[in-house]
Amino acid sequence: MKKTISNIAIGILLLGSQLPAQSYIGAGNNQGITIAASDDNASAEKTLDGSGLDAPLMEASRFLSHAAMGYDAAEVERIASMGFEAWIDEQLNIAPNYLTPQMESIWEEIYGWNIDYYTREYQEQNPGAPITEEVLEDFDDEIFGPWAVDFHYAWWQNTILERDQLRQRMAYALSQILVISTQSSLQDDAVSFTGYYDILTQHAFGNYRDLLYDVTLSPSMGIYLSHYNNPREIPEENLHPDENYAREIMQLFSIGLYELNNDGTRKKDVDGNDIPTYRNDDIKELAKVFTGLGAGAVMENPWVDVPFFGMDVYLADKEATMVMYEPFHEPGEKILLGREIIPAGQSGMTDINQALDFLFNHDNVGPFLARQLIQRFVKSNPTPGYIDRVASAFNDNGSGERGDLKAVVIAILMDEEARSCEALQDDRNGILIEPMIRTTQIVKAFPLSCYMDSIHVVNGDTLDRIECTEKRYWLNGIDRRNAIRQSPLGAPSVFNFYLPDHQPVGEFAMRDMVAPEFKIHDSSTSINYINIMHATLFWNYLGSSWETEYKPQLGVLTMDTDALLPLVEEPEELYNYLDILFARGQLTDSTRAILREFVDEQPDWVDAQRRLRGVMMLLLISPDYTILK
């Protein structure tokens, strides 16, 4: 549908003298104006009343890129209609969806499949032999899990299907600040990860002080940062409190390395130097606080019924909060940062609560968290003003409460620096969308389907490639981590996948800008991402679980893009649709020219599906998609 400029110009020339000063095209002030279109099927009035403009959809898509794990075109239209504030209110009131129940349901299903598989295999090898209890016990010994991959299955199932998208995005952001990792000794126990992630999910809109408390007592964090079974000092046995958690709760979880102003800039001493927040002696003092914590419960086992301090981590119930074993807690006075005195004679948990209160109320926490959360949601280089506004929301939610993460996320998403068009013109504005968010956005953009290859054999029959009979939205996660060096809770260390201050060599560093995600964007991962897009779009392979050996009906997960096939005959409409959905209305003329050239050069024998997938791939590997402005 095209409206000629002359149509519009004539209407404006004839009626311009009658328009009030505040009227302009698209403002909706179209009373008494008649406009004609060159296409009889077009609705010319939409030019003046604004209803034909795509700007609201583009703004909605950009907002969802900041606020959700992913979305489709219908969600873009819905939020454009309801408004951002209403969507946030809706999200804040959706009940959280936890991973542990999902994982347990998945594992129960997988366990049954494994037993069925091994039983069939046994009967084929031993015709007529009964399946005795001893045989079943042998099968059970061969079935390993649930482990890290089952956490990934649950994470993907919830991320793709559940509606609490803002809570999931916040939990994912927090998981990159309060880090534990599947790349550790925890990987043999899925509950270590689902239970910990559920803490982040539970407190995503809660109070940061409560989150710090539950993270501190999490057995997963205790094992990962070694304050599980952390004993008091016994000099004659050369035992000293482990300093790991004491260091990281300050450096990474609360106050950071240097004293900060509320806008995130560093305070200076009289000589103009940065002021450290703590020194090595402060770590030693705080380490004394986090002693005496051990298992709160025991996993079912034939050896131990009651937990005790020093119990092996493999026997500990990872769902049960750690408890204090007073005889192993460091007694005596502790002095934090040279000014907070924890008196002698208190219980171990009183010491911990006083220390957490002290850290939580430190002036640094608001700006320290504000900057990192803005980086995870909106942009890599927030201005001091942006940080100050978000930190102020942390300091006081408007009702006198400090640490309200609900107020923080609203302040981040609704800030003028996140929402205004003016910010788009600032070349310091923007972020390289991290690989996992790119993946979830692509997965959620279209309905999912799956297929089974002819290589699968069920009950002795080779199956043709057909639609799956039992669709599951599971990706194993480990393949992605290996290819793009990112997966949920898959950081290589407690310092996450990248530091918030990472500066790529070149113009970023010269202009004193940071770009954390570029730490894992290199010659390997960038090519791997292109290969993943090619496999996704041309091989119809989005990903699969590792369970098809036991349940081939699961098949291979794919995207269903059939609804877009009619747009292939109208390429400009296709570009506009994908521009709104993926490029958030910022598809450049140069990228659009590349898409046109690709379509124009396709020979006649290339079918519509491959043309569509080719256009999608070129867009999804372009800066127009991967860089969020």
Side-chain angles (χ1 to χ4, degrees), residues 177-179 208-209 211-213 215-218 221-222 224-235 238-262 264-293 322 324 328-372 391 394-395 402-403 493-496 499-501:
I177 297 172
L178 303 124
V179 175
Y208 194 67
R209 170 61 173 80
L211 176 58
L212 275 180
Y213 180 83
V215 164
T216 299
L217 297 187
S218 162
M221 179 60 78
Y224 186 65
L225 287 185
S226 55
H227 63 292
Y228 172 87
N229 287 340
N230 185 22
R232 59 181 289 184
E233 184 171 17
I234 307 177
N238 198 28
L239 288 177
H240 306 276
D242 187 283
E243 299 172 5
N244 223 9
Y245 188 68
R247 179 187 303 106
E248 307 310 353
I249 194 175
M250 290 192 292
Q251 179 180 350
L252 302 176
F253 302 170
S254 61
I255 65 176
L257 293 174
Y258 299 101
E259 297 281 350
L260 301 175
N261 297 303
N262 201 59
T265 57
R266 293 181 183 178
K267 294 180 179 180
K268 305 292 182 179
D269 62 17
V270 293
D271 296 319
N273 299 314
D274 296 333
I275 305 171
T277 51
Y278 62 87
R279 302 184 185 279
N280 197 55
D281 287 345
D282 297 315
I283 298 173
K284 292 180 179 295
E285 283 294 292
L286 186 57
K288 298 174 184 177
V289 172
F290 300 113
T291 54
L293 291 172
M322 289 193 294
M324 178 61 65
F328 296 92
H329 180 70
E330 183 73 26
E333 181 181 270
K334 296 99 175 168
I335 302 177
L336 308 184
L337 303 190
R339 62 181 184 270
E340 177 73 6
I341 297 175
I342 295 180
Q346 296 187 155
S347 69
M349 288 309 302
T350 302
D351 282 3
I352 286 177
N353 275 303
Q354 185 176 341
L356 292 180
D357 283 340
F358 173 67
L359 292 176
F360 170 70
N361 285 292
H362 193 288
D363 289 344
N364 266 32
V365 181
F368 180 76
L369 278 178
R371 180 193 182 216
Q372 291 193 69
F394 179 92
N395 297 338
R402 177 180 176 82
S493 76
V494 72
F495 297 102
N496 192 30
L499 292 172
D501 293 320

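Predicted, not measured: the structure shown is a model, and the values here were computed from it.
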Taking atom CG of Leu239 and atom CZ of Phe328, what is their separation to the nearest 0.5 Å? 10.5 Å

Tell me if a side-chain donor or acceptor on Thr277 pairs with a main-chain N or O of Gly256 at a distance below 3.5 Å. yes

Is any side-chain N of the basic residue among Asp501 and Arg371 closer than 4.0 Å to the acidic one's carboxylate O? yes

Is the shortest side-chain heavy-atom distance between Glu248 and Leu178 below 4.5 Å? no

Would you name the heavy atoms of Ile177 and Leu252 that are closest together and state the gap between them? CG2-O, 3.6 Å

Distance, nearest 0.5 Å, that separates CG of Leu337 from CD1 of Ile335: 11.0 Å

Quick one: does any side-chain atom of Gln354 pair with a main-chain N or O of Ile341 as donor and acceptor, under 3.5 Å? yes

Here the pair of heavy atoms bringing Leu286 nearest to Ala355 is CD1-CB, 4.0 Å

How many angstroms lie between atom CD of Glu285 and atom NZ of Lys334, to the nearest 0.5 angstrom? 9.0 Å

Does some side-chain heavy atom of Phe368 sit less than 4.5 Å from a side-chain heavy atom of His362? no

Can you tell me if Ser254 uses its side chain to pair, donor with acceptor, with the backbone of Ile249 under 3.5 Å? yes

Residue pair Asn353 / Arg209, side-chain heavy-atom distance below 4.5 Å: yes

Are any of the side-chain heavy atoms of Ile352 and Met349 separated by less than 4.5 Å? yes

State the CZ-CG distance between Phe290 and Asn230, to the nearest 0.5 angstrom. 10.0 Å

With rounding to the nearest 0.5 angstrom, report the CZ to CG distance, Arg266 to Asn273. 11.5 Å

In short, Pro331 meets Arg232 closest at the heavy-atom pair CG-NH2, 3.7 Å

Could you tell me whether the side chains of Asn262 and Asp363 share a donor-acceptor contact shorter than 3.5 Å? no

Does Arg402 make a cation-pi contact with Phe360 (under 6.0 Å, within 45 degrees of the axis)? yes

Applying the side-chain contact (heavy atoms from CB on, under 4.5 Å) criterion to Leu225, which one of Val179, Val494, Asp242 satisfies it? Val494

Judged by atom type as modelled, is there a donor-acceptor pair below 3.5 Å linking the side chain of Asp274 to the main-chain atoms of Lys268? no

Answer with yes or no whether the side chains of Tyr245 and Thr216 bring together a donor and an acceptor at under 3.5 Å. yes

For a quick test of reading the model, state the closest non-hydrogen atom pair linking Ala246 to Ile283 and the distance between them. CB-O, 3.7 Å

Would you sort out whether Asn364 and Glu259 count as a side-chain contact (heavy atoms from CB on, under 4.5 Å), showing the intermediate values? CA-CA 6 Å; Asn364 266 32; Glu259 297 281 350; 3.7 Å; yes

Verify, without hydrogens or angle tests, whether Asn261 (side chain) and Gly264 (backbone) share a donor-acceptor contact under 3.5 angstrom. no

What are the two closest non-hydrogen atoms of Tyr213 and Leu356, and how far apart are they? CA-CD1, 3.7 Å

Exercise: do His329 and Asp351 side chains pair donor with acceptor under 3.5 Å: yes

State, to 0.1 Å, how close Lys267 and Leu260 come at their nearest heavy-atom pair, and which atoms those are. CE-O, 3.1 Å

side-chain contact (heavy atoms from CB on, under 4.5 Å) between Ile342 and Lys288, intermediate numbers included: CA-CA 11 Å; Ile342 295 180; Lys288 298 174 184 177; over 6 Å; no

At what distance, to the nearest 0.5 angstrom, does OH of Tyr228 lie from OG of Ser218? 12.0 Å

Taking the side chain as every heavy atom from C-beta outward, state whether Gln372 and Pro500 have any pair of such atoms under 4.5 Å apart. yes

Intermediate values then yes/no, side-chain contact (heavy atoms from CB on, under 4.5 Å), Phe253 and Tyr208: CA-CA 10 Å; Phe253 302 170; Tyr208 194 67; 4.2 Å; yes

Let me see the working for Lys284 and His240 under side-chain contact (heavy atoms from CB on, under 4.5 Å), right down to the final yes or no. CA-CA 9 Å; Lys284 292 180 179 295; His240 306 276; over 6 Å; no

For the pair Asp282 (side chain) and Arg279 (backbone), establish whether a donor and an acceptor sit closer than 3.5 Å, ignoring hydrogens and angles. yes

With a 3.5 Å distance limit and no angle check, can you tell me whether Glu330 reaches the backbone of Glu233 through a side-chain donor-acceptor pair? yes

